[in-house]
Amino acid sequence: MFRFVLQVAFIRRILQFRFIRFTLFLVFAGALIAGLIYASIVFHALTERNQAPHVQHHSTR
């Protein structure tokens with residue numbers, strides 16, 4: 001329990017620095033943007049896959 005209290009106090013002391021808070025914000029914002037880009041690519045691929053094909057797959061000749 002005492003170790004946990006020391007860790008929380010250390011994290012609070014570290015987060016007082018503006019540079020560290022800004023760096024953490026940039027990391028989280030970058031991860032959010034990367035996730036949104038990935039999700040849009042996946043949804044775009046799914047919509048293309050669900051469209052009707054222009055060419056028939058099986059020929060009856």
Could you list the cluster mates of Ile41? Members are the ILVMFWY residues connected by side-chain heavy atoms closer than 4.5 Å, either directly or through other members.
Ile33, Ile37

Give every donor-acceptor pair under 3.5 Å between a side-chain atom in residues 24-32 and any protein atom, sequence neighbours left out.
none

Minimum heavy-atom distance between Arg21 and Gln16, given as atom pair plus value
NH2-O, 3.8 Å

Could you give the side-chain donor-acceptor pairs of residues 1-12 under 3.5 Å, partners two or more places apart or in another chain?
none

Which pairs with one or both residues in residues 31-46 pass side chain to side chain donor-acceptor pair (under 3.5 Å), sequence neighbours excluded?
His44-Glu48

